[in-house]
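Some notes on the structure that comes next.
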Amino acid sequence: MSTSVNYGVLFLFFISPLLVSGNSRVISKTIFIILVCFFLYSCVIQFYKKNLEKTNNQEVLFLIFTCVVYAIHYLFVLHNHHQAFFIMDNDFVSMAEVLNNTIRGNLFKTNYHGNTETANYLAHHFSPSLLLLAPFMYLSEYRLGYGYGMLFFNLLSIVTFSKLIWIKGFCGKSYEYILIFFVLNLYVYRLFQAYHFESLFLAFVLILMLSIEKRNKALFLIVYIITLLLKEDTSIYLALLGLYYVFTRRTKIGLILFLVSIVYFFYIVPHLMSIPEQSAKINWLADWKHLGDSYITIAKNVFLSPLDITHAFISKKDTLWELCLGFSFLFLFYPPIFIILLPIFSLHFLSERMWYNTFYNYYVYPILPFLVYASIYSLEKLKTNFFIRNNFHLVILFLLCISTYRGSLDVLYPFKTFPIDQERVQNVRLAVNQIPKGASVSAQFDLSGFIKRYNPIYPIRMDVSKLKDYVLLDTKEGFYPYLTKEDIIDLEKQLTKGNSYLLIYKIKGIGLFKKLNNMKSEGNN
């Protein structure tokens with residue numbers, strides 16, 4: 001009976017939103033109610049029969065089912081967001097274009113940061129491990145390959161988490177409930193669906209921890225290097241992980257993690273980031289400018305301002321409460337993890353950047369692997385408690401109810417699908433089909449996801465002289481975060497009245513313009 005309910009809960013959460021339209025909270029609240037009812041039911045039957053342990057095969061089948069239903073959900077939502085014009089130039093298309101440029105031979109060139117002709121993404125974020133996503137770009141004629149790559153590493157996170165709880169001795173119903181706890185966790189779900197490469201951090205830190213648990217030195221070295229190169233700030237979190245291992249009596253591996261990560265962050269990264277063209281560079285320290293203009297000054301002011309830190313934590317009490325609910329308060333029962341969490345919380349809460357303060361969407365990636373790992377340790381402790389061990393699966397089910405209650409309060413849990421204007425989709429595709437292979441395109445924000453992968457793509461500029469071979473606009477519909485609809489209409493007028501572009505396609509506000517003095521792309525037709 002319990003296994004059927006577990007399969008049903010996953011099906012309801014990941015598949016049913018794809019079959020019906022409406023408010024996402026209806027689905028998540030329904031799941032919460034089902035779990036509460038099933039918890040009460042399980043409490044009753046526990047008095048009448050013993051817990052039956054499951055075999056390895058049954059657990060593997062449940063893992064496979066979990067991965068399959070999640071993958072179906074992810075792919076359906078991804079394609080819905082694409083056709084609903086929700087996949088736009090920042091940040092999905094812009095990151096995909098970095099990968100496309102790398103495949104074309106222009107390593108890490110970015111068309112969306114700094115000088116679009118020469119900018120290099122490594123000066124913006126030092127993320128060489130982005131190359132792991134490059135092979136997936138070949139899977140779509142658009143830029144959906146970037147999203148497929150995200151799915152691969154999301155599934156890797158699920159499988160790695162499954163392995164971690166398996167080696168901790170969880171099996172049967174307990175294994176199923178804990179796996180559901182992970183994949184239905186609001187913060188895990190939002191990270192997975194955010195389409196940001198930072199979600200790879202969860203997978204690789206979990207693998208790193210697994211390699212340490214298994215004492216696999218080769219795996220540790222490979223994964224550590226990949227994680228270090230994922231983004232410049234990941235070295236901070238790996239250094240904190242090193243401190244955690246030092247304090248939990250794994251001194252050698254802890255010191256290696258701490259010292260190498262610190263040297264990498266303070267000495268190697270600044271040098272490496274200074275090598276590429278610098279127009280895409282941003283002073284990320286500006287988000288803490290009230291604390292100083294250098295790492296040392298900021299660190300000094302943080303450590304010498306305990307009252308400011310306390311006030312920052314108090315001001316973010318709602319965020320902390322929501323995190324605690326999302327993880328059913330489990331990580332609170334594993335105090336060593338605060339060696340990692342407290343510094344990260346402090347850095348984020350003291351930042352002037354609003355998104356850092358919330359730990360919502362992909363901004364949760366710095367702490368998520370550690371919250372997950374601490375939750376596993378807390379569950380391991382609970383399993384050995386004399387008063388709990390005979391009813392352990394009921395305790396997990398109760399904790400799952402708390403976690404899904406937190407999710408049910410969120411309007412985007414699960415992600416809702418959007419209505420698709422098939423006529424607009426068809427018209428945009430007809431326009432895009434007029435663009436020859438290899439020609440560069442300046443595309444409106446929400447139309448950029450429909451440009452073919454083999455066409456370099458750039459954001460729209462009001463300066464006509466900076467526009468590319470082709471310009472794709474929609475003056476009637478669309479989403480305009482950087483330019484207003486009036487700006488788009490004005491730009492179309494400039495293109496129509498000027499002598500440098502020719503209107504070659506127009507239907508229901510969608511216009512495709514071709515640069516007159518640049519015919520080099522025609523030979524590729």
Side-chain angles (χ1 to χ4, degrees), residues 10-22 24 27-28 65-100 130 132-159 183-203 360-362 364-365 407 410-422 424-426 428-429 432 443 445-453 457 478-479:
L10 290 174
F11 182 86
L12 178 64
F13 184 85
F14 287 120
I15 304 300
S16 63
L18 316 182
L19 305 178
V20 297
S21 59
S24 298
I27 301 295
S28 55
F65 177 79
T66 301
C67 291
V68 168
V69 294
Y70 170 71
I72 292 172
H73 173 85
Y74 179 96
L75 291 172
F76 189 96
V77 172
L78 174 66
H79 284 270
N80 174 267
H81 287 172
H82 178 238
Q83 295 201 24
F85 299 90
F86 186 70
I87 288 178
M88 298 167 266
D89 62 21
N90 279 332
D91 291 315
F92 191 105
V93 172
S94 63
M95 292 311 309
E97 195 58 5
V98 172
L99 296 172
N100 274 337
L130 267 176
L132 292 170
L133 296 168
F136 296 94
M137 296 304 299
Y138 292 101
L139 298 179
S140 171
E141 65 174 331
Y142 300 106
R143 285 159 177 78
L144 293 176
Y146 173 70
Y148 300 155
M150 292 286 99
L151 172 60
F152 175 84
F153 288 102
N154 292 349
L155 293 174
L156 182 60
S157 293
I158 294 173
V159 172
V183 296
L184 295 194
N185 179 274
L186 170 67
Y187 297 96
V188 173
Y189 178 78
R190 291 292 289 154
L191 177 68
F192 282 178
Q193 298 290 154
Y195 307 133
H196 270 258
F197 72 92
E198 286 90 343
S199 68
L200 274 65
F201 185 67
L202 175 59
Y360 191 70
N361 220 7
Y362 76 92
V364 76
Y365 79 90
D410 195 284
V411 295
L412 294 177
Y413 176 84
F415 238 124
K416 66 179 180 180
T417 53
F418 298 99
I420 297 174
D421 184 345
Q422 294 290 355
R424 188 182 183 218
V425 170
Q426 182 64 21
V428 170
R429 283 180 170 166
V432 168
F445 186 81
D446 59 335
L447 303 182
S448 57
F450 285 86
I451 305 299
K452 300 294 180 66
R453 179 175 57 82
I457 184 173
F479 183 54

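From a predicted model like this one, the values you see are computed outputs, not experimental measurements.
Separation of the F85 and F450 ring centroids falls under the 6.0 Å cut-off. You'll find the ring centres of H73 and F192 outside the 6.0 Å limit. Note: Y146 and F92 meet the aromatic proximity criterion, with ring centroids under 6.0 Å apart.
With sequence neighbours left out, the side-chain hydrogen bond (donor to acceptor under 3.5 Å, both in side chains) criterion links Y195 to H81.
In terms of heavy atoms, A134 sits closest to L99 at N-CD2, 4.1 Å. Considering every non-hydrogen atom in both E97 and I457, the closest pair reads OE2-N, 3.2 Å. In terms of heavy-atom proximity, A443 sits nearest to I451 at CB-CG1, 4.1 Å. Across every non-hydrogen atom of A84 and P419, the tightest pair is CB-O, 4.1 Å. N361 and A194 make their closest contact through OD1-CB, 3.5 Å (heavy atoms, listed as atom of the first residue, atom of the second, distance). Annotation for A203 and F153: closest pair CB-O, 3.7 Å, computed over non-hydrogen atoms.
Using modelled atom types, one finds no donor on one side chain facing an acceptor on the other under 3.5 Å when comparing Y74 with N154. Side chains of Y360 and D410: a donor-acceptor N/O pair is present below 3.5 angstrom, by distance only.
Using cut-offs of 30° and 60° for the angle between ring planes, the F136 and F152 rings count as tilted. A perpendicular orientation is assigned to the rings of F201 and Y365, their planes being inclined by more than 60° (bins at 30° and 60°).
Side-chain atoms of F14 and L184, non-hydrogen and from C-beta on, do get closer than 4.5 Å to each other. Contact annotation: the side chain of L130 approaches that of M95 to within less than 4.5 Å [non-hydrogen atoms, C-beta and beyond]. Looking only at side-chain heavy atoms (C-beta outward), Y70 and V183 stay at 4.5 Å or farther from each other. Side chains of Y413 and F13 form a contact here, defined as non-hydrogen atoms less than 4.5 Å apart. Proximity of R453 to L139: side-chain heavy atoms (C-beta onward) are nowhere separated by under 4.5 Å. Two residues are said to be in side-chain contact when any heavy atoms from C-beta on lie closer than 4.5 Å; H82 and R143 fail this criterion. Residues V364 and R190 form no side-chain contact, since every pair of their non-hydrogen atoms from C-beta on lies 4.5 Å or further apart.
Considering NE2 of H196 and CE of M150, their distance stands at 10.0 Å, rounded to 0.5 Å. Separating the CG atom in L186 from the CG atom in L191 is a distance of 11.0 Å, to the nearest 0.5 Å. Here the CG-CG distance, from L133 to L200, works out to 5.5 Å after rounding to the nearest 0.5 Å. Note: Y362 OH to F197 CZ = 8.5 Å, rounded to the nearest 0.5 Å.
In F418, the CZ atom is crowded: over 12 heavy atoms of neighbouring residues, nucleotides or ligands sit closer than 6.0 Å.
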